[in-house]
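For reference, the structure is listed below as structure tokens.
These numbers come from the heavy atoms of this one structure, side chains and all, not from hydrogens, waters or symmetry mates.
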Amino acid sequence: IIKGLEEINQKIKSLDLVKQKINTLKEMRNWFDSFFVKLMSTMEKHIMISIHREFNSLLKEWFSILIEDIDVSLDDEFVVNLVQDGYESDLDSLSGGEKTSVALAYRLALNKVVNELIPTIKTKDLIILDEPTDGFSSEQLDKVREVIVELNMKQTIIVSHEPKMESYVENIVRIVKNDGVSRVV
């Protein structure tokens, strides 16, 4: 009987430990559900608000250099809003050069925000722009030079068919394509 009683007491102690562990896990789950998840959500919102604010500011800055008579901003989902002559405008109603200006300003703002957000990026001082001036007027091309200066990058690579862009750079590499084969000339 005494041996059976000791086994029962050991089982009770063992079950009490399991019960304590279950209670501890319940408390931890309650803490996660009640506090941690809410804290992470709040932190995420604040970070996204900060990113949005910076992104929006940079988008406005770059776009205003390129186009003066259209206001641009981002909505909460990082979609571009346009206002022209006091009226909301649709991206489809813009000219080719204006659309390209929106795209260029957006890409430049995104590049800067990502570079600031992730400090381990090794290409912070390099930007490659592929046909950034498609549909631009001569005046807009001149403004691209301002944007390039404002970027203050150590190295900017521009792929373009626009001869005027050649005056904006130090080195020019010409590539020709013959019979489907590209080569440097």
Side-chain angles (χ1 to χ4, degrees), residues 46-185:
H46 284 285
I47 290 169
M48 290 306 293
I49 288 169
S50 174
I51 290 170
H52 184 278
R53 189 177 302 125
E54 179 69 12
F55 197 145
N56 192 51
S57 174
L58 291 166
L59 174 68
K60 287 175 178 257
E61 178 184 345
W62 300 132
F63 187 75
S64 69
I65 292 172
L66 298 169
I67 304 288
E68 296 173 2
D69 62 341
I70 301 174
D71 292 323
V72 67
S73 64
L74 294 175
D75 70 10
D76 292 341
E77 295 180 357
F78 292 82
V79 174
V80 174
N81 291 322
L82 302 164
V83 175
Q84 189 172 21
D85 298 325
Y87 296 98
E88 282 189 31
S89 187
D90 189 61
L91 194 60
D92 292 333
S93 69
L94 299 180
S95 71
E98 290 168 338
K99 287 177 186 175
T100 302
S101 295
V102 171
L104 179 59
Y106 195 96
R107 287 182 288 179
L108 295 175
L110 179 61
N111 179 69
K112 183 139 178 126
V113 168
V114 169
N115 279 331
E116 289 176 3
L117 188 64
I118 305 170
T120 56
I121 292 178
K122 296 181 184 196
T123 57
K124 285 184 185 292
D125 294 321
L126 166 71
I127 192 161
I128 301 171
L129 302 173
D130 186 9
E131 296 292 347
T133 60
D134 187 39
F136 276 20
S137 66
S138 181
E139 181 181 295
Q140 284 175 301
L141 287 170
D142 291 335
K143 292 178 180 183
V144 169
R145 180 188 293 247
E146 289 179 51
V147 171
I148 291 170
V149 169
E150 287 286 324
L151 286 173
N152 196 28
M153 292 286 192
K154 287 184 181 175
Q155 187 171 18
T156 302
I157 298 172
I158 302 170
V159 178
S160 180
H161 293 95
E162 178 56 54
K164 190 170 189 174
M165 295 294 289
E166 292 180 8
S167 67
Y168 302 172
V169 298
E170 293 176 22
N171 300 303
I172 299 168
V173 177
R174 292 189 196 282
I175 299 173
V176 295
K177 191 172 191 176
N178 290 324
D179 299 323
V181 177
S182 298
R183 62 182 174 82
V184 177
V185 292

Carefully, step by step, assess Thr133 and Ser160 under the rule side-chain contact (heavy atoms from CB on, under 4.5 Å). CA-CA 8 Å; Thr133 60; Ser160 180; 4.0 Å; yes

Can you check side-chain contact (heavy atoms from CB on, under 4.5 Å) on Leu104 and Trp62, steps first, answer last? CA-CA 8 Å; Leu104 179 59; Trp62 300 132; over 6 Å; no

Steps toward side-chain contact (heavy atoms from CB on, under 4.5 Å) verdict (Leu108, Ile127): CA-CA 9 Å; Leu108 295 175; Ile127 192 161; 3.4 Å; yes

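Taking CD1 of Ile148 as the start and CG of Leu129 as the end, the distance is 6.5 Å to the nearest 0.5 Å. Expressed to the nearest 0.5 Å, how far CG of Asp125 lies from CG of Asn152 amounts to 8.5 Å. The CG atom of Asp75 sits 6.5 Å away from the NE2 atom of His52 when rounded to the nearest 0.5 Å. Of the inter-residue distances, the one linking Ile70 atom CD1 with Ser64 atom OG reads 12.0 Å to the nearest 0.5 angstrom. A distance of 10.5 Å separates CD of Glu139 from CG of Leu66, quoted to the nearest 0.5 Å. Between the CG atom in Leu82 and the OG atom in Ser93 there is a gap of 7.0 Å [rounded to 0.5 Å].
The two residues Ile67 and Asp69 make their nearest non-hydrogen contact at CG2-OD1, 3.5 Å. The shortest heavy-atom contact between Leu74 and Asn81 is C-ND2, 4.1 Å. Across all non-hydrogen atoms, the minimal contact from Phe63 to Glu98 is CE1-O, 4.2 Å. A pairwise comparison of heavy atoms in Val144 and Met165 identifies CG1-CE, 4.0 Å as the closest pair. Residues Tyr106 and Phe78 come closest through the heavy atom pair OH-O, 2.9 Å. The shortest non-hydrogen separation linking Ile118 to Lys124 is O-NZ, 3.2 Å.
Using a 4.0 Å cut-off between a side-chain N of Lys or Arg and a carboxylate O of Asp or Glu, Lys143 and Glu68 qualify as a salt bridge. Under 4.0 Å is where a charged nitrogen must lie from a carboxylate oxygen, and between Arg174 and Glu166 at least one such pair does. The pair Asp142-Lys164 counts as a salt bridge, with a side-chain nitrogen and a carboxylate oxygen less than 4.0 angstrom apart.
For Glu131, there are no salt bridge (charged side-chain N to carboxylate O under 4.0 Å, His left out) partners at least two apart in sequence or on another chain.
Counting only distance, with no hydrogens or angles, the side chain of Ser57 and the backbone of Arg53 share no donor-acceptor pair below 3.5 Å. In this structure, Arg107 contributes its side chain and Ala103 its backbone to a donor-acceptor pair below 3.5 Å. Remark: the backbone N or O of His46 is not paired with any side-chain donor or acceptor of Ser50 at under 3.5 angstrom. Using a distance-only test at 3.5 Å, with no hydrogens or angles considered, a donor-acceptor pair links the side chain of Asn115 to the main chain of Asn111. With hydrogens and angles disregarded, no donor-acceptor distance shorter than 3.5 Å links the side chain of Asp179 to the backbone of Val181.
Around the CG atom of Asn178, the shell of radius 6.0 Å holds more than 12 heavy atoms that belong to other residues, nucleotides or ligands.
Across Leu126, Thr123, Ile128, a single residue satisfies side chain to side chain contact (heavy atoms under 4.5 Å, CB included) together with Gln155, and that is Leu126. Just one of Lys60, Glu150, Gln140 meets the side chain to side chain contact (heavy atoms under 4.5 Å, CB included) condition when paired with Ile65; it is Glu150.
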